[in-house]
Amino acid sequence: MEAKQVRGLERTVLRVRPLWSGLLIVGLIATSARFVSDHYGAPAMLMALLFGIALHFLMEQEQPRPGIAFASQTVLRIGVALLGLRISADMALSLGWETLAIVTAGVLATIVFGMAIARAFGFGLKFGFMSAGSVAICGASAAMAIAAVLPKDGRSEERLVFTVVGVTVLSTVAMIAYPILADLFGFDAELAGVFLGATIHDVAQVVGAGFSVSDRTGEVATIVKLIRVALLAPIVIIAAFVVRQSLKTNVGNGARPPLVPAFVVAFFLLLALNSTGYVPGWIRDVATEASRWALLSAIAAVGVKTSLKDVVDVGGKAIALLITQTVFIAVFALTALIWKSI
């Protein structure tokens with residue numbers, strides 16, 4: 001038995017060894033980005049992405065490639081799955097069905113709108129879906145999760161990087177501007193929280209904007225934002241289904257992706273487990289931190305794999321598309337909340 005265990009351990013080491021150099025590079029980038037974020041207030045995701053792009057020359061070497069590829073795919077899926085422990089059914093229901101309907105409708109309307117106008121900006125449905133999903137749901141995390149189930153082409157990586165950079169910058173602008181906008185419209189603490197949580201792209205910026213207004217606004221904004229995060233899983237399932245059907249049409253009986261990706265199943269199982277109320281708080285805290293690090297490492301890996309020239313080549317039309325989608329979800333939420341408060 002001991003000999004078998006030793007041989008099994010040796011096989012595991014042989015499988016893992018090629019990943020170490022790439023994972024070490026990605027880990028150092030993520031740690032550096034987190035340090036800059038904690039000490040200087042810069043968005044950690046954006047820093048990880050930019051640091052990664054600066055180290056793109058490492059992709060010319062064979063040794064780190066497997067680990068970098070592993071981080072950009074498998075580690076990403078782990079991070080998305082762990083998001084399930086941040087959300088519970090009680091959290092969502094505490095806001096009331098009317099607010100839930102507004103938030104859900106805003107997400108769906110933004111995705112449909114973003115895909116509908118993508119061709120007008122010179123892009124296909126894949127980029128329209130990914131960019132609109134990132135704006136509608138949870139910024140960089142959504143962009144990476146959606147990109148994970150979409151068919152890859154020669155421009156996939158740079159468009160993903162561009163989307164992550166774009167939504168992070170727009171989210172930072174919204175964090176500053178939207179609390180002022182909520183005050184101009186005379187929203188109380190609850191309505192302001194719903195507006196901020198329903199429109200700002202990234203979780204960190206939602207928290208910053210909400211608590212800059214008041215504690216109650218921050219609490220409501222965070223809950224609303226996490227509800228949007230919960231919608232990531234069904235959106236990814238829809239994307240996987242569409243891709244599956246498309247490949248079935250194009251290649252007949254060829255290999256197709258699973259209808260429900262394993263990381264989405266894990267997301268739902270963890271969400272259901274958290275909703276029972278039996279998950280200790282320290283486990284949720286550990287899972288939340290692990291999810292942050294996994295997503296940070298994944299976006300660092302995506303950065304390393306991407307050429308800055310390719311990102312720039314995506315062009316001004318992509319910026320205009322992201323801004324249009326951002327304006328749409330803000331106008332949608334404002335209109336719905338004004339109507340609700342009448």
Side-chain angles (χ1 to χ4, degrees), residues 16-83 130-131 133-134 138-150 152 155-172 201-205 229 232 263 286-312 314:
V16 172
R17 184 181 294 168
L19 304 178
W20 279 117
S21 60
L23 290 177
L24 181 60
I25 290 168
V26 168
L28 288 173
I29 295 171
T31 302
S32 301
R34 188 68 178 267
F35 178 86
V36 173
S37 176
D38 290 344
H39 289 80
Y40 300 101
M45 283 281 195
L46 181 59
M47 291 297 99
L49 189 56
L50 294 178
F51 291 164
I53 292 173
L55 296 175
H56 174 65
F57 66 89
L58 293 174
M59 291 300 293
E60 297 175 2
Q61 303 178 28
E62 184 68 30
Q63 191 174 5
R65 288 180 191 169
I68 292 169
F70 180 84
S72 68
Q73 298 171 15
T74 304
V75 174
L76 163 64
R77 288 165 169 79
I78 293 170
V80 173
L82 289 174
L83 288 174
M130 181 179 66
S131 59
S134 67
C138 53
S141 302
M144 292 190 292
I146 292 171
V149 298
L150 292 178
K152 300 293 187 291
R155 308 288 313 268
S156 295
E157 293 288 352
E158 56 261 32
R159 284 178 175 167
L160 171 59
V161 169
F162 179 89
T163 301
V164 171
V165 172
V167 295
T168 303
V169 172
L170 289 172
S171 189
T172 303
H201 310 325
D202 289 314
V203 176
Q205 279 86 341
V229 173
L232 175 61
F263 71 95
V286 169
T288 297
E289 193 65 16
S291 176
R292 287 198 186 103
W293 277 105
L295 293 174
L296 197 60
S297 299
I299 196 60
V302 170
V304 175
K305 293 171 65 178
T306 304
S307 164
L308 181 59
K309 178 182 180 299
D310 292 336
V311 176
V312 173
V314 175

- So, S291 side chain and A287 main chain: donor-acceptor pair closer than 3.5 Å or not? no
- Roughly how far, to the nearest 0.5 Å, is CG of L150 from CD1 of I146? 7.0 Å
- Go through the steps for I53 and V161 under the test side chain to side chain contact (heavy atoms under 4.5 Å, CB included), then give the verdict. CA-CA 9 Å; I53 292 173; V161 169; 3.6 Å; yes
- Message: I need the single residue from L19, L55, V26, L23 that forms a side chain to side chain contact (heavy atoms under 4.5 Å, CB included) with I68. Which is it?
- Response: V26
- Task: Name all pairs fulfilling the ring pair (Phe, Tyr, Trp, His ring centres under 6.0 Å) condition that reach into residues 36-70, sequence neighbours left out, sorted by first residue then second.
- Result: F35-H39
- Query: Per the side chain to side chain contact (heavy atoms under 4.5 Å, CB included) rule, which among S134, S141, S131, C138 passes with V167?
  - Reply: S134
- Message: Could you check whether any side-chain heavy atom of V75 comes within less than 4.5 Å of a side-chain heavy atom of W293, counting everything from C-beta outward?
- Response: no
- Output the distance between atom OG (S297) and atom CZ (R292), rounded to the nearest 0.5 Å. 13.5 Å
- For T168 against Q205, the heavy-atom pair lying closest together: O-NE2, 4.1 Å
- Query: With a cut-off of 6.0 Å (strictly less than), are more than 12 heavy atoms of other residues, nucleotides or ligands near CD of E289?
  - Reply: yes
- Item | Gap between atom CD1 of I25 and atom CG of L28 - 0.5 Å precision | 8.0 Å
- Item | Backbone of A33 reached by a side-chain donor or acceptor of S37 within 3.5 Å | no
- Would you name the heavy atoms of M144 and L295 that are closest together and state the gap between them? CE-O, 3.8 Å
- Quick one: list whatever passes salt bridge (Lys or Arg N to Asp or Glu O under 4.0 Å) with E62, sequence neighbours left out. R65
- Nearest heavy-atom neighbours spanning R77 and A148: NH2-O, 3.2 Å
- Nearest heavy-atom contact between A140 and D202 is N-OD1, 3.3 Å
- Task: Please report the shortest heavy-atom distance between A30 and L296, naming the atom on each side.
- Result: O-CD2, 3.4 Å
- How far apart are the closest heavy atoms of G133 and A142, and which atoms are they? O-CB, 3.7 Å
